[in-house]
Amino acid sequence: MPEHYRALQGFKDILPDEQPYWRLIEKTAIEVTELYGYRRIETPTVEETSLFSRTTGEGTDIVDKEMYSFNDRPDKEGRSANLSLRPEGTAGVVRAYLEHGMFQLAQPVKLYYLREPMFRHDKPQAGRVREHHQFGCEALGESDPAVDAEMIGLLFQFYISMGLSNLHVSLNSIGDRNCRPQYLERLKEYYLPLLDTCCDDCQVRFYKNPLRLLDCKEPQDQARIAGAPKIADYLCEPCREHFAAVKRYLDLYDVPYQLDPLLVRGLDYYTRTVFEVISTTSKQALNGGGRYDGLAEILGGKSTPGIGFGAGFERISLELKRQKVAPPPEAGPCAYVVYFGKSAEMKDAAVRIVAELRHAAIKTEMGYGDRSAKSQMKQANTSGSAYAILIGEDELAGGYVTVQDLRAGKELALEAKQIKVQRDALIDYLQKA
RNA sequence: GUGACCGUAGCUCAAUCGGCAGAGCUCUGGAUUGUGGCUCCAGCGGUUGUGGGUUCAAGCCCCAUCGGUCACCCCA
């Protein structure tokens, strides 16, 4: 047993000082998604492993190397299901859509999830932890490219509303099951004669996931990538039209975007539109998303188009700090009750005042532990409280309290910043102050 | 999974050639027995990540291990 417990590698405490950033993200996300007609959904953190392996894809790193999977306790027959902490949000939402018959509702069904923990057993680094939190949207049951553009527009508005800039939207279409296989053949034809000069990773990619050949960062392979056939030139007519419409609608939404023919995304279920929003300064993707028109069928539902994205709280928070966006500060208390003297009667009176103020929804703190008057005043000051409510022998006897304005400077004489307020008039006084 | 750098008080960091583990901040108390920010004093706080090794002597050198940071892979 360890002598001192520590959070697990890649698992982070989200401390009070960090919370204002997360609150800003949450507040903005709720405002913007609901503006666009999305409704909140929360799905379980744990699902059957196969839900992810069948959708995200065998062969992807997420499924093959990074899932937290375990056997459940066996049932009466001794069978135990293999479960996983979810590595991403889309599969669970689509499962819920099918399970609850949401295909019966008016389509599309537009859903969002917020601050949902996701788990991937990666090696931690900047903007990457093993338990991370995502804000995501999913629009199910509609293939209209207006939905694609709307979602990207929503996302862009979300970032701008928080005060971020220096972001760009990367956009591509990776075709569908009609045209992508043909493109992949052409890509492999192109790469085959060059293969033995490619980097080791690309040798593997060629067989495992040829689309990712375009993702290679090795300098030596950049020239080959530049000369490779582009999927945009091989899209079938429906995909081409869909992509053209997405771009047109994005213009109507005033969303600036950059076409990136090398953007392919790592999850198997994507079709047609794929997008990321990338920080220009850190080069890191704050979110990733795309259309997944075949996903519901994989899960045994009828063919249902869908599109979604997941955005990482940790990365957004990092970017807010990098861009020096200050979240709204936490509100300090309005009143800080200070009591002079250590009699039980005195402390009872102090506790009673604190209770009355809090019941009246006035944010109130008090000194604890019978600290000295000076010490309590110091704490009142550092708490950021607007007023100190002083109660001592005189006040107790006279049925009043002394209210001291802490925002007034120390230089002011006591009389100038203190006022006697009758006990039963205190709430009224503070509410009007 | 691969690689680089780094682990000293709650936080930020000192410690000369290997020679008594320190400071600032925070917190607590005090500087006229009931009055805030500045100042001053004091206190709390450490098995120098852990385990070995070299040495008269290790925070410092060596090995291992754990952890952190960053990059790659991958991805939010």
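Within every chain, numbering begins at 1; the chains are lettered A, B, ... in the order of the sequence lines, protein sequences first and strands thereafter.
- Cation-pi geometry between Arg407(A) and Tyr387(A) is met: the NZ or CZ atom falls under 6.0 Å from the ring centre, inside 45° of the normal.
- Following rounding to the nearest Å, Lys374(A) (NZ) and A31(B) (P) show an atom-to-atom distance of 8 Å.
- Taking only side-chain nitrogens and oxygens, Gln134(A) never comes nearer than 4.0 Å to OP1 or OP2 of A76(B).
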Starting at the 5' end of RNA chain B, write a dot or bracket for each base, bracketing those in Watson-Crick or G-U wobble pairs whose two distances are under 3.5 Å and using | for partners on another strand. (((((((..((((.....[..)))).(((((.......))))).....(((((..]....))))))))))))....
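- Considering only the side chain of Met377(A), U35(B) comes nearest among U35(B), G68(B), A76(B).
- For Arg315(A) and A76(B), the CZ to P distance is 8 Å, given to the nearest whole Å.
- Among the nucleotides G68(B), C73(B), G34(B), the one closest to the side chain of Phe340(A) is G34(B).
- Residue Leu267(A) places its side chain closer to C75(B) than to any other of U35(B), C75(B), G37(B).
- Checking A31(B), A76(B), G34(B) against the side-chain heavy atoms of Glu393(A) singles out G34(B) as nearest.
- For the C1' atom pair drawn from A21(B) and G46(B), the interatomic distance equals 8 Å after rounding to whole Å.
- Look at Arg205(A) and you'll find a side-chain N or O under 4.0 angstrom from OP1 or OP2 of C74(B).
- Residue contacts shown for Asp17(A) are absent, as no nucleic acid heavy atom lies under 4.0 Å away.
- Among the atoms of the strands shown, none is found under 4.0 Å from any heavy atom of Thr60(A).
- Within 6.0 Å of the CD atom in Glu48(A), the count of heavy atoms belonging to other residues, nucleotides or ligands does not exceed 12.
- Distances shown here put a side-chain N or O of Arg371(A) below 4.0 Å from the OP1 or OP2 atom of G29(B).
- Applying the 4.0 Å criterion to OP1 and OP2 of C74(B), one finds that Arg130(A) has every side-chain N and O outside that range.
- The only option from Tyr38(A), Tyr159(A), Phe309(A), Tyr113(A) that meets the ring pair (Phe, Tyr, Trp, His ring centres under 6.0 Å) definition with Phe135(A) turns out to be Phe309(A).
- For G29(B), one of the phosphate oxygens OP1 or OP2 lies less than 4.0 angstrom from a side-chain nitrogen or oxygen of Ser375(A).
- One side chain, Tyr112(A) or Glu34(A), offers a donor N or O that lies under 3.5 Å from an acceptor on the other.
- Nearest to the side-chain atoms of Ala126(A) among the listed nucleotides U35(B), C75(B), C70(B) stands C70(B).
- Atom P of nucleotide A76(B) and atom CZ of Phe135(A) are separated by 15 Å, given to the nearest angstrom.
- When each of Arg128(A) and His133(A) is assigned the nucleotide of RNA chain B bearing its nearest heavy atom, the one mapping closer to the 5' terminus is Arg128(A).
- Across the P atoms, G24(B) and C38(B) are found 16 Å apart, a figure rounded to whole Å.
- Counting non-hydrogen atoms of other residues, nucleotides and ligands closer than 6.0 Å to NZ of Lys420(A) gives a total of 12 or fewer.
- OP1 and OP2 of U35(B) both lie 4.0 Å or more from every side-chain N or O belonging to Gln418(A).
- Residue side chain Glu66(A) does not reach the base of C75(B) through any donor-acceptor N/O pair under 3.5 Å, judged by distance alone.
- The side chain of Gln125(A) has A71(B) as its nearest neighbour among G30(B), A71(B), U35(B).
- The closest side-chain heavy-atom distance from Ile353(A) to Ile391(A) is below 4.5 Å.
- For Lys417(A), taking side-chain heavy atoms from C-beta onward, the closest of the listed nucleotides G36(B), C73(B), A76(B) is G36(B).
- The distance between atom NZ of Lys378(A) and atom C1' of C40(B), rounded to the nearest whole Å, is 11 Å.
- The listed nucleotides are C75(B), G68(B), C74(B); the one nearest the side chain of Lys12(A) is G68(B).
- Side-chain atoms of Glu26(A) and Trp22(A) include no donor-acceptor pair closer than 3.5 Å.
- Scanning atom types as modelled, one donor and one acceptor separated by under 3.5 angstrom connect the side chain of Glu395(A) and the base of G34(B).
- An OP1 or OP2 oxygen of A4(B) is reached within less than 4.0 angstrom by no side-chain nitrogen or oxygen of Lys123(A).
- Not a single donor-acceptor pair, N or O on each side, falls under 3.5 Å between the base of C75(B) and the side chain of Arg265(A).
- Ranked by how close their nearest RNA chain B nucleotide is to the 5' end, Gly392(A) and Arg120(A) are led by Gly392(A).
- In this structure, Lys188(A) satisfies the cation-pi test against Phe206(A), with its NZ or CZ atom closer than 6.0 Å to the six-membered ring centre and inside 45 degrees of the ring normal.
- For the pair Lys347(A) and Tyr339(A), the cation-pi test (distance below 6.0 Å, angle within 45°) is failed.
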